[in-house]
Amino acid sequence: MPLQAPEFFTELCLPFTDSSVVGNTYYATPAPGTPLRLRIDFHGTIRADTYGGLRLAIIHADRGEIDTVALSFVDHGTFHRRDEAHNISANDSRYGTFDKDHRPGQPPWEGAVTTGLRDAIERYSAVWFPGAWPASAPDRAAGRTAHQPRAPLVAHRGGRAR
């Protein structure tokens, strides 16, 4: 059964206009005029036809693959709600994965929440393709601290200060 990859990558809402899906793999040229390309495909598990994440690769037009990273569905909460609703525990081999078997009329990745994956793809690709993602509003909580930093202590030595 097909993975319905074009629909999955559409659901990720990646901003790259120069992109296409070939088979089960997404290809993009996030920065036109450079020899670098982004490739994203489904990362398999030890079980046949079962996928546990995405594999991102930076491809150089002349030198080939120069960097890769695997993004786990478990680490990014992609199937947490689905697995919780179906009482699939973290000890179960089906936890945080999907396979080619699925309900008729539904994609094999039914129940996926792709926000965490999209954020991870943005962070990774921004290193290689600065400015390729539209500017997002800064995270207001990121700059906050739990407490005010203490002022440095000033040691006074005997005598008067002038």
Side-chain angles (χ1 to χ4, degrees), residues 1-32 34-61 63-142:
M1 300 204 134
L3 294 179
Q4 299 179 2
E7 293 85 352
F8 182 85
F9 292 116
T10 298
E11 181 136 337
L12 281 173
C13 299
L14 301 176
F16 311 124
T17 55
D18 189 5
S19 64
S20 64
V21 176
V22 179
N24 292 326
T25 305
Y26 175 88
Y27 295 93
T29 306
T34 69
L36 297 179
R37 308 291 182 263
L38 174 66
R39 180 183 68 206
I40 305 173
D41 52 5
F42 295 102
H43 186 61
T45 65
I46 60 171
R47 292 182 21 229
D49 299 325
T50 302
Y51 304 93
L54 297 177
R55 182 177 179 271
L56 282 64
I58 303 300
I59 310 297
H60 188 280
R63 292 183 230 145
E65 191 173 281
I66 58 173
D67 193 56
T68 63
V69 67
L71 303 178
S72 160
F73 292 145
V74 171
D75 291 345
H76 296 90
T78 308
F79 293 107
H80 178 73
R81 281 196 258 169
R82 178 206 67 185
D83 292 345
E84 195 173 67
H86 291 102
N87 293 321
I88 299 173
S89 73
N91 299 344
D92 191 311
S93 63
R94 297 172 298 156
Y95 184 79
T97 66
F98 75 89
D99 56 32
K100 288 188 173 184
D101 298 325
H102 55 91
R103 296 183 324 164
Q106 296 296 322
W109 39 267
E110 176 186 11
V113 176
T114 59
T115 308
L117 283 175
R118 184 181 190 281
D119 291 346
I121 293 168
E122 178 178 1
R123 285 190 304 274
Y124 177 74
S125 62
V127 170
W128 294 95
F129 308 105
W133 287 78
S136 57
D139 185 6
R140 298 181 75 201

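This is a predicted model, so every value here is computed, not measured.
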Tell me, do [X] and [Y] make a side-chain contact under 4.5 Å, heavy atoms counted?
X      : Y      : value
Leu38  : Ile58  : yes
Thr25  : Ile40  : no
Thr114 : Glu11  : yes
Leu71  : Ile121 : yes
Leu14  : Trp133 : yes
Tyr51  : Thr97  : no
Arg39  : Glu65  : yes
Val113 : Thr78  : no

Notebook entry, point to check: Asp67 and Tyr124: side-chain contact (heavy atoms from CB on, under 4.5 Å), yes or no, with the steps?
Noted result: CA-CA 10 Å; Asp67 193 56; Tyr124 177 74; 2.6 Å; yes
Answer yes or no: is there a donor N or O on one side and an acceptor on the other, between the side chain of [X] and the main chain of [Y], under 3.5 Å?
X      : Y     : value
Asn24  : Ala5  : no
Arg118 : Leu12 : yes
Arg47  : Ser93 : yes
Thr45  : Thr50 : yes

Item checked: Contact list for residues 105-115, test salt bridge (Lys or Arg N to Asp or Glu O under 4.0 Å), sequence neighbours left out -> Arg103-Glu110
What's the separation between atom [atom1] in [X] and atom [atom2] in [Y], rounded to the nearest 0.5 Å?
X      : Y      : atom1 : atom2 : result
Asp83  : Phe98  : CG    : CZ    : 12.5 Å
Glu122 : Cys13  : CD    : SG    : 12.0 Å
Tyr95  : Glu84  : OH    : CD    : 8.0 Å
Arg82  : Phe73  : CZ    : CZ    : 9.0 Å
Phe42  : Lys100 : CZ    : NZ    : 11.0 Å
His86  : Arg81  : NE2   : CZ    : 13.5 Å

Next item on the list: List for me each residue that meets side-chain contact (heavy atoms from CB on, under 4.5 Å) alongside Ser72, sequence neighbours excluded, and say none if there are none.
Entry: Val74, Asp75
Notebook entry, point to check: Checking side-chain contact (heavy atoms from CB on, under 4.5 Å) for the pair Leu54/Leu117: CA distance, chi angles, key distance, verdict?
Noted result: CA-CA 8 Å; Leu54 297 177; Leu117 283 175; 4.0 Å; yes
Checklist line | Whether Phe8 and Trp109 hold their rings parallel, tilted or perpendicular, with breakpoints at 30° and 60° | finding: perpendicular
Check: Between Phe79 and Ala112, which heavy-atom pair has the shortest distance, and what is it?
Finding: CE2-CB, 3.5 Å
Donor-acceptor pairs are to be reported for all side-chain atoms of residues 15-22 against protein atoms at under 3.5 Å, with residues two or more places apart or in another chain.
| from | atom 1 | to | atom 2 | distance (Å) |
| --- | --- | --- | --- | --- |
| Ser19 | OG | Phe16 | O | 3.0 |
| Ser19 | OG | Tyr26 | OH | 3.4 |

